[in-house]
2 protein chains.
Amino acid sequence: MHINAGPTLDPLPCTGARLRRLTRRTTAFYEHYLRDLDLRLTQYSLLRHLGSAPQALTELADRLEMDRTTLTRGLRPLIRQAWVEESRGSDARMRLYRLTPDGVAMRERAEVRWAEAQHALEQALGREFTDQLNQRLEEALALLKPALPENN
Amino acid sequence: MHINAGPTLDPLPCTGARLRRLTRRTTAFYEHYLRDLDLRLTQYSLLRHLGSAPQALTELADRLEMDRTTLTRGLRPLIRQAWVEESRGSDARMRLYRLTPDGVAMRERAEVRWAEAQHALEQALGREFTDQLNQRLEEALALLKPALPENN
DNA sequence: TGCTATAAAGTGCATATGCACATAAATGCC
DNA sequence: GGCATTTATGTGCATATGCACTTTATAGCA
């Protein structure tokens, strides 16, 4: 039994908190479909952004707009599963990553599940609403890029 | 120097990945303003949802729509700073949490910064766009609530 | 009164996230 | 060629996130 079981939910004046909240729920939605592949949404995203051609860590981080160090560690499970292979190029500082054949196969299996999830999401939200939401998110991403003075 | 420095960014057909991406960037935006208070956005959110009246963990988790166990650990730093106090009620299973006077003071200081951040965000995105984005996020949250069969 | 079912919470595990700091290799001058 | 600077990456630390499993306490019923 709860104490102080007040009104349902606060109006949430904070856009950031609202985003985090929706992201939590949406991630759970997708991961429900990826579950028996034992794949997280982020990991699927990595598979999707990797190819058979070796790619440098920083390059990948830029494309995904993720922190470099998050990626370093996020790639490790994929390497452990032998879906991704690390190699070195002429520049001995760089780490290059590419999908293995197993990784390509896994990505294909995952894409089926992802498509199911995406479809189900569009069903739940309505196709038009989803498009508009995607639009807004994309727009916000573009507008927010130069918004932090320190990041320039 | 990068290898395979292809086109800028993929169109991102995945709504979930887009959400995660925007959330990362937006969180960084807010946390820039909270930085010298050494407060994360999530922690600010906790302070905002706590009061002087003791609240049970599960009740708080429901209100924030966060996982109970995430909350258990998320509250610890706040307790360590003595902004939040844990207590027990008549039901010996429950943990009750409330803001200490220091916690109230901290919340007030943080609200100033939060307001600056929110205002700056609305500047960056445009006021109208922000309202519409908030609207969509709220709508999506409402629509997604019953969307996972397993969650019923 | 006991026994069972349920409810509240904690813990272990595995990622996800990003900052500050450290290291190593390549670059650019002089 | 040799040294200062820049670049690519790794590591330590502290949260954030959520699932599976465990523990403890209350509730409900025979």
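The figures that follow rest on heavy atoms only: side chains count, while hydrogens, waters and symmetry mates do not. A note on names: the letters A, B, ... follow the listed sequences, proteins ahead of strands, and every chain is numbered from 1. Worth saying up front: this structure is predicted, and the values here are computed from it rather than measured.
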Whole Å only: how far is the CZ atom of B:Arg88 from the C1' atom of D:dT26? 13 Å
Could you run down the sub-3.5 Å N/O contacts of the protein with nucleotides 2-5 of chain D?
none

Within the modelled atom types, does a donor on one side and an acceptor on the other bring the side chain of B:Arg93 and the base of C:dA7 under 3.5 Å apart? yes
Only one of A:Leu75, A:Val84, A:Leu39 clears side chain to side chain contact (heavy atoms under 4.5 Å, CB included) with A:Leu46; which? A:Leu75
Nearest-nucleotide wise, let me know which of A:Pro77 and A:Ala92 is further upstream toward the 5' end of DNA chain C. A:Pro77
Going by the rule side chain to side chain contact (heavy atoms under 4.5 Å, CB included), which residues pair with B:Thr23 if we only count those two or more places apart in sequence or in a different chain? A:Leu19, A:Arg20, A:Thr23, B:Thr27
Results of side chain to side chain contact (heavy atoms under 4.5 Å, CB included) for B:Arg80 - residues two or more places apart only: B:Pro77
Would B:Glu139 and B:Gln135 count as a side-chain hydrogen bond (donor to acceptor under 3.5 Å, both in side chains) here? Give the steps. CA-CA 6 Å; B:Glu139 241 175 296; B:Gln135 196 70 39; 4.7 Å; no
DNA chain C contacts among residues 35-42 of chain A, heavy-atom distance under 4.0 Å: A:Arg40, A:Thr42
Separation of A:Glu59 atom CD from D:dT7 atom P, in whole Å? 16 Å
So the salt bridge (Lys or Arg N to Asp or Glu O under 4.0 Å) pairs with at least one residue in residues 29-46 of chain B (sequence neighbours excluded) are B:Asp36-B:Arg113
Who pairs with B:Arg95 by salt bridge (Lys or Arg N to Asp or Glu O under 4.0 Å), at least two apart in sequence or on another chain? B:Glu86
To the nearest Å, how far apart are B:Met94 CE and C:dA7 P? 12 Å
Residue-phosphate contact under 4.0 Å: B:Thr70 side-chain N/O, D:dA16 OP1/OP2: no
Protein-nucleotide distance (A:Arg20, atom CZ; D:dA16, atom P), rounded to Å: 7 Å
Nearest whole Å is fine: how far is D:dG18 C1' from B:Leu64 CG? 15 Å
Could you work out, with side chain to side chain contact (heavy atoms under 4.5 Å, CB included) as the rule, every residue matching A:Arg109, not counting sequence neighbours? A:Leu37, A:Met106
With distance as the sole criterion, do the side chain of A:Arg68 and the base of D:dG10 form a donor-acceptor contact below 3.5 Å? yes
Partner residues of B:Asp102 under the salt bridge (Lys or Arg N to Asp or Glu O under 4.0 Å) criterion, sequence neighbours left out: none
Name all stems that contain residues of DNA chain D, defined as runs of 3 or more consecutive Watson-Crick or G-U wobble pairs, both distances under 3.5 Å. C:1-30 with D:1-30
Does the D:dG18 base have a donor-acceptor partner in the side chain of B:Arg73 within less than 3.5 Å? yes
Report the distance from atom CG of B:Leu71 to atom C1' of C:dT11, rounded to the nearest whole Å. 16 Å
Pairwise side-chain contact, A:Arg136 with B:Gln132, heavy-atom cut-off 4.5 Å (strictly under): yes
Set of residues satisfying side chain to side chain donor-acceptor pair (under 3.5 Å) with respect to A:Arg107, sequence neighbours excluded: none
Counting only side-chain nitrogens and oxygens, does B:Thr69 get under 4.0 Å of the OP1 or OP2 atom of C:dG10? no
Whole-Å gap separating P (C:dA7) and CG (B:Leu57): 16 Å
From CG of B:Leu46 over to C1' of D:dA14, roughly how many Å is that when rounded to an integer? 15 Å
Using a heavy-atom cut-off of under 4.0 Å over every strand shown, decide if B:Glu31 touches base, sugar-phosphate, or nothing. nothing
If the cut-off is 4.0 Å, is B:Arg95 near the phosphate of C:dA9, judged by side-chain N/O to OP1 or OP2? no
Can you name the side chain to side chain donor-acceptor pair (under 3.5 Å) partners of B:Gln81, sequence neighbours left out? none
Under the side chain to side chain contact (heavy atoms under 4.5 Å, CB included) test, which residues partner B:Val112, sequence neighbours left out? B:Glu116
